[in-house]
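Each chain gets a letter, A, B and so on, in the order its sequence line appears, and its residues count up from 1.
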Protein chains: 2
Amino acid sequence: MELSDYATHSVKVSGRAIMATLNNETRERRETGTLGKLMVLLDMVAYADGPLRFTDIAAASGQPRGTLHRQLVHLVEEGLLELDADGRYSTGLRLLELASRSWARNELRLVAERYLRELQDLTGETVHLGVIRGASVIYLDKVEGRQPVRMYSQIGNASPIYCTGVGKAALSLLPDDRIDALLTEVTFQRFTPATHTHETLLAEIGEIRRNGVAFDREEHEVGIRCVAAPISSENLSFVGGISVTGPAYRLTMERLEEWAEPIRQTANRISTGIRIGLGPRP
Amino acid sequence: MELSDYATHSVKVSGRAIMATLNNETRERRETGTLGKLMVLLDMVAYADGPLRFTDIAAASGQPRGTLHRQLVHLVEEGLLELDADGRYSTGLRLLELASRSWARNELRLVAERYLRELQDLTGETVHLGVIRGASVIYLDKVEGRQPVRMYSQIGNASPIYCTGVGKAALSLLPDDRIDALLTEVTFQRFTPATHTHETLLAEIGEIRRNGVAFDREEHEVGIRCVAAPISSENLSFVGGISVTGPAYRLTMERLEEWAEPIRQTANRISTGIRIGLGPRP
DNA sequence: AAATAAGGTTCCAAATAATGGAACAATCGG
DNA sequence: CCGATTGTTCCATTATTTGGAACCTTATTT
C-alpha cells in the first residue's frame, strides 16, 4: 500500500542512469540481454523505499507474472535478492559480501588511504574520496574526525555531480565536449539557494580549472561547505577527487582557502601514485 | 604472472559455497541459467587477489574465448566489472553502490543499531552484528570505540562459522539436524591452537544452549576474545548474533562473564524488535 | 624487417535458455 | 462457501547464448 509508489521513475533515474560509463562516446548500446533485464529488477528493489512484494514488482516492471517469477527465483537463488517470510523482496547480503571484497581491494582507495588520513590530521574535518560514474559522484572512502561514526553511510553513496565539491573538481578535468555530453543527461535539482544551474556551473568550471580546487558553498546542503581537488588517471579513463567537508560555521571561506594548497598537493600525490601504480604500500 | 594462481579452488570455496542458503532442505538445485554463469565470473574476479586479465579468466573458467568475451562485456556494461586501461578486470563500483543502498535499508541492522551503540557504551569495546549465510558469518554492522576507524573493513566480511562468537551463538539456535547438514560442507581450518574441530564444536554447542552466550577464546585469532549472544527471527528463517570483541589482555574471561548477561538481554531485545517489526524508530 | 605467436574480437549456425499465455494452486475477504 | 486476488507451474514459441573458426591487433622472435 504505502509501497505502491516506489516510482518507476526514480528507479530508472537514480539506478540505471548512473550506469552511463564515462568514456562512452557511443552511448545507447546497453544490450546486455538477460543480465540487463535482471539488473533492472535488482535496481528496482535496491532503490525502492522498502521491501517490495511480488505484485508491486510485477506492476512496476510490466513483465508477465510467469516470467517475473522465474527471474526473481534466480536472483534469490544467487543471493542477490532475499525473500522474507511475508513474501517481500529486498536486496541480498551477497551484494554486501561482494562489495566488501571489491572495496577492500580497490586500487585507488588503497593508494589514497594514507593521504586521506594525513588530510584529516591536518584539518580535523571529514575527508572524502570520490569518483565520477556517469553524472554522479560515488564516494569510495571517508575519514572522519574523532566522533563516534556512522562510517559506511557515505561510502558507496551516489550524489549529483553538479553540487558536490568532488563532482565539480572532477568535471573541471574533462574537455568541454565531454562535460556537455555528461550534463545533457542531468536535471539540475535545486537543493539550496546556492545550488548551481547549468549556466552557473559552466561558469564556475573555468574558475576551478584556473585554481585547481573547487568549493562547495552550501550548494548541496545548507550549512555544509567543502574544498575539493581533482584526481585522475593519465588518460582520464577515470576522474574523481578528494574533499574536506564540514559545517559552515567552522569552515569559513577563509579557512577553506587556506586548505586549498594542501588539498591540491595531496590530490596530485594521489594521482601520481595511481599512475605509477603504487600499490597499498607507498 | 603473479596472478596466475588465483586458485580456481578458493574461488569456488569462499565465493560460491557461501551461497548455500540456510533454509534449503533440497539443495543441489542452483539452476540459475545465464545469471548463474555470470555470477561465477563475478565471484572469480571478486575473490581473486588482484585484477585479472582476460586470459586468466579464460583459463580458470574454461570457457571458450568467444563466449567469455561477450559475458565480460555484459558485466562491464552493467558496471559489475570494470576493465582498466591495461586490460585487467576488477569488480565494478556498481556493486558498492547497490550494497550501500542495501545496507542502509537493512531491517535487522536498523533495529539493532541503537542496541549496538548501547552495548558499546557499556563495554567500551567493539560490538558486531552478524548473520549466518551458509556456513559463514557475514558481518552487517560494527560499532567501534573512540579510535579513528576503518569502519567498513569488517562489514560485509565473511568469516567461518565455527570459530567466531557470533557463528557459534547462532548455530546453537538451530536443531541438530540442521547443524549437521551445515557442518558437512565445512572444512575445519586450524587458525590458532584453540580453534575448534568438528567434535569439540558440537560439544560446546550444548554448553552455549544452556548459557545463552558463546565465547570465542582466541579461536580465530590469537589475542582476540569475544562474548556473543544469538538473535533470530521467529521461524529461524534467519539466525545471527551480536558480539563484543577485544584484545585478550583487556578482556579477561571474568570480564567476559560479567558482560554475558547484558549481551543476552540486548540480543533478546533485538530478536523481539525484529519479530514485532520495529522499524528504524524504536 | 619479416615471420610467428599470443591476446582479443567478431561472426554465425546450432544448442540452450527465456518468454508469456494459460491452466493450476493457495490465500484472502466477505 | 464463493469469488477475487496473488503466486506458481507448464510448455510451445521466440530470443539469447554458445562455441568453433576466421579475423584483427599487438608483442616476441629470428
- Item | Whole-Å gap separating P (C:dG8) and CG (B:D86) | 11 Å
- Item | side chain to side chain donor-acceptor pair (under 3.5 Å) involving B:T91 - partner list, sequence neighbours excluded | A:S102
- Task: Report yes or no: does B:S136 contribute a side-chain atom to a donor-acceptor pair with the main-chain N or O of B:I132 at less than 3.5 Å?
- Result: no
- Quick one: side chain to side chain donor-acceptor pair (under 3.5 Å) partners of A:R209, sequence neighbours excluded? A:D176
- Task: Determine: side-chain N/O of B:T34 to OP1/OP2 of C:dT16, distance under 4.0 Å, yes or no.
- Result: no
- Note on the structure: In whole angstroms, the gap separating P of D:dT6 from CG of A:L83 amounts to 16 Å
- List in chain and number order the residues that pass side chain to side chain contact (heavy atoms under 4.5 Å, CB included) with A:V186, two or more places apart in sequence or in another chain; answer none if no residue qualifies. A:A135, A:Y162, A:L183, A:F188
- Rounded to the nearest Å, what distance is computed from the CG atom of residue B:L52 to the P atom of nucleotide C:dG8? 12 Å
- Query: Taking OP1 and OP2 of C:dG8, is either one under 4.0 Å from a side-chain nitrogen or oxygen of B:T55?
  - Reply: yes
- Task: Starting from C1' on C:dT9, measure out to CG on B:L72 and report it in whole angstrom.
- Result: 12 Å
What N/O pairs connect the protein and nucleotides 3-5 of chain D at under 3.5 Å? Give each pair on its own line.
none

- Note on the structure: Counting primed atoms, P, OP1 and OP2 as sugar-phosphate and everything else as base, the B/S/- map of nucleotides 21-30 of chain C against protein heavy atoms under 4.0 Å is ----------
- Can you tell me the distance, in whole Å, between the NE2 atom of A:H74 and the C1' atom of C:dA17? 9 Å
- Contacts of A:S232 that satisfy side chain to side chain donor-acceptor pair (under 3.5 Å) - sequence neighbours left out: A:R275
- Message: Without decimals, in angstroms, what is the distance between B:Q71 CD and C:dT16 P?
- Response: 15 Å
- Task: With sequence neighbours excluded, tell me which residues meet side chain to side chain contact (heavy atoms under 4.5 Å, CB included) with B:D84.
- Result: B:D86, B:R88
- Query: Between the main-chain N or O of B:W103 and the side-chain N or O of B:R109, is there a donor-acceptor pair closer than 3.5 Å?
  - Reply: yes
- Item | OP1 or OP2 of D:dT17 under 4.0 Å from side-chain N/O of B:Q63 | no
- Message: For B:S271, give me all partners under side chain to side chain donor-acceptor pair (under 3.5 Å), at least two apart in sequence or on another chain.
- Response: none
- Item | Residues which pass ring-ring contact (aromatic ring centres under 6.0 Å, His included) with B:Y89, listed by chain and number, not counting sequence neighbours | none
- Message: On the nucleotide D:dT6, are OP1 or OP2 found under 4.0 Å from the side-chain N or O atoms that A:R53 carries?
- Response: no
- Dot-bracket for DNA chain D, 5' to 3', with Watson-Crick and G-U pairs under 3.5 Å, [ ] for crossing pairs and | for other-strand pairs: what is it? ||||||||||||||||||||||||||||||
- A:R133 with B:E82: basic N within carboxylate O range, under 4.0 Å: yes
- Roughly, in whole Å, what's the span from CZ in A:R88 to P in D:dG7? 13 Å
- Under 4.0 Å between a side-chain N/O of B:H69 and OP1 or OP2 of C:dG8, yes or no? no
- Message: Which residues pass the side chain to side chain contact (heavy atoms under 4.5 Å, CB included) test with B:T67, not counting sequence neighbours?
- Response: B:Q63, B:P64, B:R70, B:Q71
- B:R101: salt bridge (charged side-chain N to carboxylate O under 4.0 Å, His left out) partners, not counting sequence neighbours: none
- Task: Nearest whole angstrom, please: distance from the C1' of C:dG8 to the CG of B:D56.
- Result: 13 Å
- Are OP1 or OP2 of C:dT19 and a side-chain N or O of A:K37 less than 4.0 angstrom apart? yes
